[in-house]
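First the structure, in the form of structure tokens, and then the observations on it.
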Amino acid sequence: MSSSHLPATTESIALANEAAKPTEAISILYRVLDDPSSSPDALRMKEQAITLLTKHLAEENRGEDLRSLLTQLRPFFSLIPKAKTAKIVRGIIDSVAKIPGTSDLQIALCKEMVQWTRAEKRTFLRQRVEARLAALLMENKEYSEALTLLSSLVKEVRRLDDKLLLVDIDLLESKLHFSLRNLPKAKAALTAARTAANAIYVPPAQQGAIDLQSGILHAEEKDYKTAYSYFFEAFESFNALDDPKAVFSLKYMLLCKIMVNQADDVGGIISSKAGLQYLGPDLDAMKAVADAHSKRSLRLFETALRDYKAQLEEDPIVHRHLSSLYDTLLEQNLCRLIEPFSRVEIAHIAELIELPVDHVERKLSQMILDKKFAGTLDQGAGCLVIFDDPKTDAIYPATLETISNIGKVVDSLYVRSAKIMS
């Protein structure tokens, strides 16, 4: 930053725009901000300079400089309306978020701004920065701190009846409770977000986020048909905005199709006009899973999980449902393989199903305990012994029914004798 300032005029802004290198433009814009003038025109030019400077610093991945800029601008914020201050602060925080690997910096920056807004009594801005901070803490898996922050914030915002912010906070609270596996509270918070959203106009991106969370919660309850419709609504909202979240909505739509045994529809959805826009690893991963499910092949399933680990294993929502699907597929295949046998070597089953012996043995013991079939493991001989299905003797239900009827007769006679004696 140069020691001499430049006047906050359109010429200075034009000079920055014409700079050959981003570093030159950044230097010019810093000098414009050093102009001591506080006339209305100068303030307006400085606002433009801040916007340009923020853009250039973000493109250069200079996160710490953006953090310093916020501190440097505090005297300037006292000269402009609070709404403009809020816009600039949130814009700078959003720019830092675009720089990879800055989650800790974003958290530190939000905490600094919360302290400053408290000191300056800027409630409107503080509440929004605190909501952003809670979202960052949740992404960083600092759930207890995020929940504490949200609990106090939601009470305050409800008192002020700021419905637009309340929708954001309730939605964030729902995501947080879902991350903590507390489904009842996640559903309650989502219902609160929907109630607040029904009373106001909600931007399409926010409505898409509500629909996406609704789909996730319905999928968690195994209601995949309803979940699919919510994911579809979310996809349409995000697709219209060219939002990157559209591909996740589409991915979860395909997941729902697979989970309801309609894997054959996956190829059609991917090859549709909307699906072709998002061709890439995420859709390829779901296509591989759908093919494995259609062929009932555990080997293909495991190959898909290995080849698309980032898209399947590292996505917690997809991973949870695919784990359930894998277990179901494994059980079905094992039941089909052992059906002809009364006694069979575990190694032979493992060879037929193309899985490790210890894996198969562990799954068979679990199925026996869950009473998926009657049998026992002879580990000394390395065999599985399958029992015949026990036939229920019809005499037992008939005997129980007779005893029940006799009991009713005795009770009736007792009531009559009690009346006669009285």
Side-chain angles (χ1 to χ4, degrees), residues 219-225 227-228 248 250-271 280-379 381-387 389:
E220 192 65 23
E221 295 181 323
K222 313 294 184 190
D223 185 1
Y224 293 109
K225 289 186 178 179
Y228 179 87
F248 292 105
L250 183 55
K251 183 178 172 182
Y252 299 152
M253 283 167 59
L254 300 178
L255 175 67
C256 290
K257 284 291 185 184
I258 294 168
M259 295 305 292
V260 293
N261 295 320
Q262 294 177 2
D264 295 338
D265 294 349
V266 168
I269 295 171
I270 291 174
S271 60
D282 286 291
L283 298 195
D284 290 343
M286 299 314 294
K287 181 72 167 63
V289 172
D291 289 343
H293 186 267
S294 296
K295 294 172 183 176
R296 300 286 176 188
S297 171
L298 287 167
R299 185 173 55 80
L300 288 176
F301 203 110
E302 291 194 334
T303 303
L305 291 176
R306 186 176 61 252
D307 293 348
Y308 299 99
K309 187 175 181 181
Q311 290 76 27
L312 302 176
E313 294 281 327
E314 294 175 15
D315 185 325
I317 294 159
V318 173
H319 175 66
R320 189 176 297 117
H321 292 290
L322 288 189
S323 296
S324 170
L325 182 65
Y326 180 84
D327 280 344
T328 304
L329 195 58
L330 179 55
E331 286 177 6
Q332 288 174 350
N333 281 13
L334 284 173
C335 286
R336 192 174 71 247
L337 287 173
I338 66 175
E339 190 176 358
F341 301 101
S342 59
R343 184 182 179 89
V344 60
E345 288 186 352
I346 297 170
H348 180 61
I349 298 173
E351 185 182 341
L352 290 174
I353 207 167
E354 298 178 335
L355 288 175
V357 174
D358 60 335
H359 187 115
V360 172
E361 185 176 342
R362 188 165 57 249
K363 188 61 187 176
L364 287 171
S365 64
Q366 182 188 332
M367 289 171 69
I368 292 168
L369 291 171
D370 291 342
K371 297 185 178 178
K372 297 290 173 70
F373 67 90
T376 186
L377 290 173
D378 184 348
Q379 290 180 314
C383 291
L384 170 69
V385 181
I386 300 101
F387 302 147
D389 290 333

In terms of heavy-atom contacts, Met367 and Leu334 come closest through SD-CD1, 3.8 Å
Residues passing the side-chain hydrogen bond (donor to acceptor under 3.5 Å, both in side chains) test with Gln332, sequence neighbours excluded, are Arg296
Rounded at 0.5 Å granularity, tell me how far CD in Glu351 sits from CD1 in Ile353. 12.5 Å
How would you list all residue pairs meeting side-chain hydrogen bond (donor to acceptor under 3.5 Å, both in side chains) that involve residues 300-309, not counting sequence neighbours? Glu302-Tyr326
What pair of heavy atoms forms the shortest contact from Ala219 to Ala227, and how long is it? N-CB, 3.6 Å
Any side-chain heavy atom of Thr376 within less than 4.5 Å of one from Phe387? yes
Restricting to side chain to side chain contact (heavy atoms under 4.5 Å, CB included), what partner residues turn up for Ser271, sequence neighbours left out? none
Could you tell me if the side chain of Ile368 sits less than 4.5 Å from the side chain of Leu384, heavy atoms only? yes
Partners meeting side-chain hydrogen bond (donor to acceptor under 3.5 Å, both in side chains) with Glu221 (sequence neighbours left out): Lys187
Distance, nearest 0.5 Å, that separates NE2 of His293 from CG of Leu325: 4.5 Å
Rounded distance [0.5 Å steps], CD1 in Ile317 versus OH in Tyr252: 3.5 Å
Heavy-atom check, side chain of Ile269 versus side chain of Leu250, under 4.5 Å: yes
For residues Ile386 and Val344, determine if any side-chain heavy atom of one lies less than 4.5 Å from a side-chain heavy atom of the other. yes
Is there any salt bridge (Lys or Arg N to Asp or Glu O under 4.0 Å) pair reaching into residues 312-327, and which pairs are they, with sequence neighbours excluded? Glu220-Arg320, Lys251-Asp315, Asp327-Lys363
Name all residues meeting the side-chain hydrogen bond (donor to acceptor under 3.5 Å, both in side chains) criterion together with Asp284; count only those two or more places apart in sequence or in a different chain, and write none if there are none. none
side-chain contact (heavy atoms from CB on, under 4.5 Å) evaluation trace for Gln311 with Val318: CA-CA 8 Å; Gln311 290 76 27; Val318 173; over 6 Å; no
Give, for atom NE2 of His321 and atom SG of Cys256, the distance between the pair rounded to the nearest 0.5 Å. 7.5 Å
Rounded to the nearest 0.5 Å, how far apart are CE of Met253 and CE of Met286? 11.5 Å
How long is the straight-line distance from CG of Leu312 back to CG of Asp282, given to the nearest 0.5 Å? 8.5 Å
Run the side chain to side chain contact (heavy atoms under 4.5 Å, CB included) test against Pro340 and tell me which residues pass, sequence neighbours left out. none
side-chain hydrogen bond (donor to acceptor under 3.5 Å, both in side chains) partners of Tyr228, counting only residues at least two apart: none
Counting only heavy atoms not in Phe248, do more than 12 fall under 6.0 Å of its CZ? no
Residues at least two apart in sequence or cross-chain that pass salt bridge (Lys or Arg N to Asp or Glu O under 4.0 Å) with Arg299, listed by chain then number, are Glu354
Is there side-chain contact between Leu283 and Lys287, with heavy atoms separated by less than 4.5 Å? no
Pick out which of Thr328, Leu298, Ile349 makes a side chain to side chain contact (heavy atoms under 4.5 Å, CB included) with Asn333. Leu298
Qualifying salt bridge (Lys or Arg N to Asp or Glu O under 4.0 Å) pairs with a residue from residues 336-345, counting only residues at least two apart or across chains: Arg343-Asp378
Would you name the heavy atoms of Val357 and Ala347 that are closest together and state the gap between them? CG2-CA, 4.2 Å
Using the test side chain to side chain contact (heavy atoms under 4.5 Å, CB included), find all partners of Ala290 that sit at least two apart in sequence or belong to another chain. Ile258, Ala263, Val266
Applying side chain to side chain contact (heavy atoms under 4.5 Å, CB included), name anything that partners Leu352, two or more places apart in sequence or on another chain. Leu337, His348
